[in-house]
Amino acid sequence: MKQRPTTVDTTVKQALDQALQRFASNQHGKNASYIPYLASVPSHLFGISIMFCDGTHAEVGDTEYAFAIESISKVFTLAHVLDEVGPEALRSKIGCDPTGEPFNSVIALELHKGRPLNPFVNAGAMATVSLLEADTAQARWDQIQTTYNLFAGRGLTVNDEVYQSEAKTNQHNRGIAWLLQSYGYMHADPMEVCAVYTRQCSVAITCHDLVIMGATLANGGVNPITGKRAVQARNVAPILSEMTLNGLYDTTGDWYYKVGLPGKSGVGGGILAVVPGVCAIAAFGPPLDVAGNSVRGQLAAEYLSRTLNLSLLHEFA
Ligand code: GLU
């Protein structure tokens with residue numbers, strides 16, 4: 001049986017140092033530019049964090065830089081909606097299958113008569129937001145924010161510059177929201193939902209926040225630092241299933257092949273990997289590959305997964 005660490009020790013610290021050294025100078029990829037703010041984030045930033053279920057953690061690089069959570073937010077909104085509606089309703093109204101198309105594809109929606117297929121493409125994420133029981137945009141937002149704060153163990157805030165930048169340029173998402181409504185998969189006012197979705201993508205987090213949020217999933221839904229429950233234990237497996245199948249856009253299979261872990265990335269440059277019952281890894285590096293995943297973040301996760309035997313397939317990896 002290959003040994004895995006269960007707490008921060010010298011092997012873990014060395015692996016993190018090595019990952020930083022090996023990949024910090026990697027110049028591949030480009031910042032997202034379709035959201036103007038993201039193009040302006042310094043590309044050289046790079047941070048890696050790991051946190052175990054016992055709350056011990058180790059971090060290297062720019063782990064205190066606040067970046068936009070973007071698509072990683074979809075994981076935590078999903079968590080709250082699962083607690084409200086349950087996994088069966090979520091699966092029948094949205095699904096857990098890859099679309100085989102980019103995250104903002106209209107074609108994917110048309111092909112499946114409006115069914116988004118999973119909550120991590122933009123259509124599915126907006127449909128998820130629309131499932132929240134709320135009468136106003138503020139009430140919808142409050143639920144989302146409360147959940148994110150439980151996961152992070154502190155009060156997160158929206159970066160208004162990111163929000164304004166996205167809100168001015170999100171015509172494509174607004175189109176998707178209307179299309180969802182025309183097919184019967186939008187369960188609240190489409191423009192209200194799109195605005196709340198845009199706001200959730202604009203939440204500012206650090207790599208340190210992200211690793212706590214991931215460690216909360218690894219720990220069965222209980223934040224290992226605060227001891228507070230952020231999501232019901234029975235909903236953790238559905239979340240990790242979605243991450244396993246759909247977490248890294250249309251190269252999720254490549255990621256699983258190399259890292260062997262449920263993951264989620266965002267176009268802000270963040271990336272999260274969860275080792276159930278053990279730990280979470282978070283990384284931040286703005287340049288993305290063509291699919292929209294942080295280049296250095298993926299390399300760091302792959303390196304740590306291999307070096308520390310973290311892959312779920314580690315017996316054979
Ligand atoms: N706010 C971004 C969008 O809706 C998030 C995309 C992402 O990170 O994948 O396009």
Side-chain angles (χ1 to χ4, degrees), residues 29-41 66-78 94 98-109 116-130 141 144 148 156 158-180 186 190-205 207 210 213-214 242-243 245-252 255 263-273 282-295 297-298:
K30 273 174 69 176
N31 285 33
S33 57
Y34 75 101
I35 298 167
Y37 176 92
L38 299 180
S40 71
V41 177
F67 60 92
I69 188 169
E70 298 297 346
S71 223
I72 308 172
S73 65
K74 295 167 181 169
V75 172
F76 305 103
T77 300
L78 170 66
I94 296 177
T99 65
E101 300 293 335
F103 66 94
N104 56 1
S105 173
V106 169
I107 291 173
L109 267 187
L117 294 197
N118 75 70
F120 292 165
V121 289
N122 288 2
M126 286 190 276
T128 307
V129 170
S130 82
W141 172 248
I144 290 178
Y148 290 15
L156 298 175
V158 169
N159 178 332
D160 202 50
E161 232 188 303
V162 176
Y163 178 71
Q164 296 302 338
S165 182
E166 292 211 32
K168 278 193 201 120
T169 53
N170 69 351
Q171 291 79 8
H172 193 91
N173 284 343
R174 282 185 248 165
I176 289 174
W178 284 118
L179 202 54
L180 280 169
M186 174 59 76
M191 290 305 93
E192 177 193 310
V193 166
C194 186
V196 171
Y197 163 75
T198 305
R199 184 167 289 273
Q200 77 172 41
C201 289
S202 312
V203 166
I205 51 161
C207 207
L210 186 56
M213 296 172 96
E242 298 281 3
M243 291 171 74
L245 284 153
N246 304 303
L248 275 86
Y249 308 111
D250 32 344
T251 54
T252 304
W255 157 270
K264 186 72 197 88
S265 62
V267 293
I271 200 159
L272 176 65
F284 165 60
L288 311 177
D289 63 15
V290 285
N293 302 308
S294 168
V295 173
Q298 289 177 90

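FYI, the numbering just counts along the sequence from 1. Whatever order the structure lists them in is the order used to number ligands and atoms, beginning at 1.
The atoms of ligand 1 that sit less than 4.0 Å from any heavy atom of V267 are 6 (C), 7 (C), 8 (O), 9 (O). The contact set between ligand 1 and E166, taken as ligand atoms under 4.0 Å from a residue heavy atom, comprises 1 (N), 2 (C). Of all atoms in ligand 1, numbered sequentially from 1 with element shown, those under 4.0 Å from a heavy atom of N122 are 3 (C), 4 (O), 10 (O). Close approach of ligand 1 to F103 (heavy-atom distance below 4.0 Å) involves ligand atoms 6 (C), 9 (O), 10 (O). Applying the 4.0 Å criterion to heavy atoms of S71 picks out, from ligand 1, the atoms 7 (C), 8 (O), 9 (O).
Distances from ligand 1 to the non-hydrogen atoms of N173 include at least one value under 4.0 Å. Put simply, part of G266 is less than 4.0 Å from ligand 1, judged by heavy atoms.
Rounding to the nearest 0.5 angstrom, the gap separating the OH atom in Y197 from the OG atom in S130 is 13.5 Å.
Side-chain contact annotation: T251 with N293, donor-acceptor N/O pair under 3.5 Å present. Side-chain N/O atoms of N173 and N122 include a donor and acceptor closer than 3.5 Å.
Contacts with ligand 1 closer than 4.0 Å are made by side-chain heavy atoms of C201 only, the backbone lying farther away.
Distance alone, capped at 3.5 Å, places no donor-acceptor pair between the T77 side chain and the K74 backbone. Counting only distance, with no hydrogens or angles, the side chain of S165 and the backbone of E161 share no donor-acceptor pair below 3.5 Å.
Using cut-offs of 30° and 60° for the angle between ring planes, the F67 and F284 rings count as parallel. Relative ring orientation between Y148 and F76 is described as perpendicular, the plane-to-plane angle rising above 60° on a 0-90° scale split at 30° and 60°.
The single protein non-hydrogen atom nearest to atom 2 (C) of ligand 1 is E70 OE1, 3.2 Å, given as residue, atom name and distance. At the shortest separation from atom 6 (C) of ligand 1 among protein heavy atoms lies Y34 OH, 3.4 Å.
An N or O contact shorter than 3.5 Å links Y249 to ligand 1 by distance.
At least one test fails for K168 against the ring of Y163: distance under 6.0 Å to the centre or angle within 45° of the axis.
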